[in-house]
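First the structure, in the form of structure tokens, and then the observations on it.
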Amino acid sequence: MLAILIPVLLFLRVIAVAADPSDFRQETNFDEGRTGPSLNVSSCPGYAVVSERQTNQGLVVQLSLAGEACNAFGHDIANLTVEVTYETATILHVNIYDSAKIQFTVPQDVVSLSVGENDPTLKDRSDLEFHHDSNPFEFWISRRSDPDRLPLFDTRTKSLPPTPIPPVIPGDNTTALDGFPLVFEDQYLQLTSALPLDANIYGLGEVLASSGFRRDVGTNGGVGTIQTMWARDSPDPIDENIYGSHPIYLEHRYDAQTRRSKSHGVFHFGAAGSDVLLLTPPVSNTSLIQYRMVGGTLDFYFFSGPSPQKVIEQYGELVGRPTWQPAWGFGFHLCRWGYADVNETRQQVAKMREANIPLEVMWNDIDLYHALRDFTTDPVSFPADQMEAFISDLTANQQHYIPIVDAAIAKLVNASDVYDPYTRGSELDVWMTNPDGSEYLGQMWPGYTVFPDWFANNTRGFWTEALRNWSTAGVNYSGIWLDVNEPSSFCIGSCGTGANLTAATIPTMFFPGTPGNLVTEYPEGYNATIWGPSGNITINGTLTFGNHSFGRLHKKRGLGAAAEPGVNLDSPPYSLHNADGFLSTHTVSTNATHANGAVELDTHNLWGLMEEKATHLSLLELRPGKRPFMISRSTFPSSGRWTGHWLGDNISKWQYMYLSIQGVLQFQLFQIPFVGADTCGFQGNTDEELCNRWMQLSAFMPFYRNHNVRSALSQEPYRWDSVANASRTAISIRYSMLPYWYTLFANASMRGTPPIRALFFEFPDEPELFTVDRQYMIGRDLLVTPVLTPNVSTVDGIFPGQGRVKWRDWYTHAVVDAAISQNTTLDAPLGHINVHIRDGSALLLYDSPAYTIAETRQSPFALLVAQASDGYAFGTAYLDDGESVQPTPNTTLTMKARKGELTIRPQGDFDVQQRLVKITVLGAGRTRPTDIRVNGKPLRNSSNWQFDSGLERLVISGLSLDLNAPISLTWQ
Ligand SMILES: *[C@@H]1O[C@H](CO)[C@@H](O)[C@H](O)[C@H]1NC(C)=O
Ligand SMILES: *[C@@H]1O[C@H](CO)[C@@H](O)[C@H](O)[C@H]1NC(C)=O
Ligand SMILES: *[C@@H]1O[C@H](CO)[C@@H](O)[C@H](O)[C@H]1NC(C)=O
């Protein structure tokens, strides 16, 4: 689910205006002693080098402000330290921080980056080199191997012509900056780097970018992209900040002379709200990337690649590689908001079975809850005993169940109210607080709520206990769905500090259809008499609104905004291009406070990640030895270590099916590869044709779930015959490919290699592919060309390789007669998705995909080999028990082919029980073989093999080969 439907969002914004009277801001007087916001950052003085010294691993440079403080959007920080560290041969770290270390930095126990190798020789042999000028301090990074030392990243931008930035929020002039000096203030940091004109930039999210997967850097005097990093619950608007924050980009440089390309990556490690701009100054031969942060430090990592995949792997090496998925997670998932009771949910499982459409995991949205509260079941519609029976039936059929967990925890409404998670959490002191230490009050579906403070010592224990109690009270889930963890809250800031309390009734208006007996009353704990005329509130005699004494807070290293009484916690002087404007809109207030004293302004973007980490660790504790399965909405660098992701509350429109491809590609780069869209669309009504195409497309995406909004037209795949057929076809292929998917994800977890790939990841020297995002590759070997428009029976797609690669149709095995470097038109009737096999590949498959993943895993294996013209083919398959936490016994099969010969070699300690029963070789030559040998023994029974000279296909069936021993096949 959910967030908010668009009309409702508009409604909310109306409320927001009403609830956010101007006095709300006027009374917030933070600016004593501050030079007012300046529009001209180009007058900021920059920094000069004071001293520098070599270290074992690099260099440390001390900087001081090179002139009068400009105090553009905060207070200039006089003294900075630049720490340059050659972390590995491919990762260079440039960390610019305030020498006093007051600014907030992401704590180690939230994101632990892998430490470098501490190898003093790296300074002289690392792929990347750091260079700098002293006055002003400017730095650039180049490749050691490049004789011209062309900069990859270059902050020598002070003198470039200014580019006015159009304000997104009308009347907001603070965004109309110009000039590009280094600025480091408590509440405004700016760093700018030159890019090649019209650079190929990918990443920076989360976003649905109208430019496509390749970002827009603008043209002459224009801003192409403003990517804001401020986690936001908004149902999939285009070109705005949404759920997650990922300040990592990949730049792919193509040299038209040599026709070779190289990629590098740049990661800004920081949680502060930020705008990242891609722009091109007027009359300029460079484009620019500019970082603008409202806090934190300028902590950058550079990855040398030089291939796109290497960049992504190097990023994974730094932030942590993706968690291992259980095999069942690759099955088909079904969900909707609006399964009214346990029997309706049960009925879906039965209908899917009747229609013989594989269903692996059944989900419930918030319908499950009692009074919309986390960790409950509704006693009338989802009685615990019936849920228990339902889930145990699923388990008996080797199917699974996943419930939703919302971020906010309901507050007790009166003295007789019983809700253990709130009571227990209060006992353990795990809620976020107001600046004065009182409980922070927000509002979500259940009414007034509190929010777990992941920085508090007891929160993880509290969370595990809540998850455990739920699982023993009827909801014996196999995995967890974390929603609305930006975190979403309906008040503008704290519900206790200025919002309109009529907002408490919003939830019922949200629910389309019959509202039923939902919460419509204010919590009894709410006392209208404590509200003053201007919206001020006192709780227990303490003024909480407008109180900036910071009571118990002391200046503390690394505490950021919380440690600086002079900073503006509510509206930093620089207005981020947050599409909701005021930063506390629709989320927890930026002045909400954590147990360690940090404020939400600094940690907002970490909320989802911290919940993901806690939930993952809870699941490990509750099911020792089993891989946790999680899907979550708000993510941050390293989230992939704990969870998968879905692309949020999309819309049942064709455009959103197309956008799902760039979404999945982005998250490969973000190292959260287990990702997928709400198939058939969430908001609005889908139709048969869209759902048909989308069920097929998502079958070739990592996370495969159909999810629908309450009261929209039903869209389970059994609802239409054509969709049922299309789904059975696609799911059957997906399940037969499970060993391939599983191997790709094993490689992701072991090496950070992205399972889903843009075409140019695999063919980096082919510029015609740099913008392709209507097709993609699964691993190295499969090309998917989906239909993304209505009412067509063909689709255009490009076949990479510039004529050097043979692509064979998945279904017919025929070689495509592909145009070189341009589109080829393919047949694509409804119910058919084009999938092509690259030559030189060897894919291990299940020979008889079944209804569930567990049953499919009992299937014998088949091998599909597509030889290149020289006979070459290669592939690997990683096999283990599909559910145990690593390390666990595993075996990797290596398949290799040459002309007339195929070998399979196992390596590892997993006992592979299923036999190899069938081998298909494509590209096996035009001459019918006369001598076929398996492990040296001639195959006498000719009924066991077939040869098709037109397709150059040799199929050997009826085998029963043990994959724990080497296998060889020869034919001539
Ligand atoms: C900056 O560093 C200089 C030299 O170490 C020192 O004298 C000065 O007090 C520092 N300024 C601030 C604001 O910390
Ligand atoms: C913002 O810019 C407009 C147009 O230039 C101007 O009229 C207005 O006074 C400015 N507002 C502020 C607060 O400077
Ligand atoms: C579900 O159906 C069963 C059998 O008809 C019935 O006993 C039970 O009360 C139903 N549960 C709900 C929540 O309606």
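As the structure is a prediction and not an experimental result, all values here were calculated from the model. Counting convention: from 1, in listed order, for ligands and their atoms alike. The figures that follow rest on heavy atoms only: side chains count, while hydrogens, waters and symmetry mates do not.
Here the heavy atom of the protein found nearest to atom 3 (C) of ligand 1 is Asn79 ND2, 3.6 Å. In terms of protein heavy-atom proximity, atom 9 (O) of ligand 3 is closest to Gln386 NE2, 3.7 Å. Ranking protein heavy atoms by distance to atom 6 (C) of ligand 3, first place goes to Asn343 ND2, 4.1 Å.
Taking the six-membered ring for Trp and thresholds of 30 and 60 degrees, His333 and Trp363 have ring planes more than 60 degrees apart, a perpendicular arrangement. Using cut-offs of 30° and 60° on the angle between ring planes, the pair Tyr401 and Phe390 is perpendicular. Ring geometry for Phe300 versus Phe302: interplanar angle under 30°, hence parallel rather than tilted (30 to 60°).
Checking Glu354, Arg353, Gln348, Lys351 one by one against Tyr718, the side-chain hydrogen bond (donor to acceptor under 3.5 Å, both in side chains) holds for a single residue, Gln348.
Checked against the 6.0 Å centroid threshold, Phe139 and His132 do not count as a close aromatic pair.
For atom 11 (N) of ligand 1, a protein heavy-atom neighbour is present inside the 4.0 Å cut-off. For atom 14 (O) of ligand 3, the nearest protein heavy atom is under 4.0 Å away.
Those atoms of ligand 3 with a heavy atom of Val380 less than 4.0 angstrom away are 13 (C).
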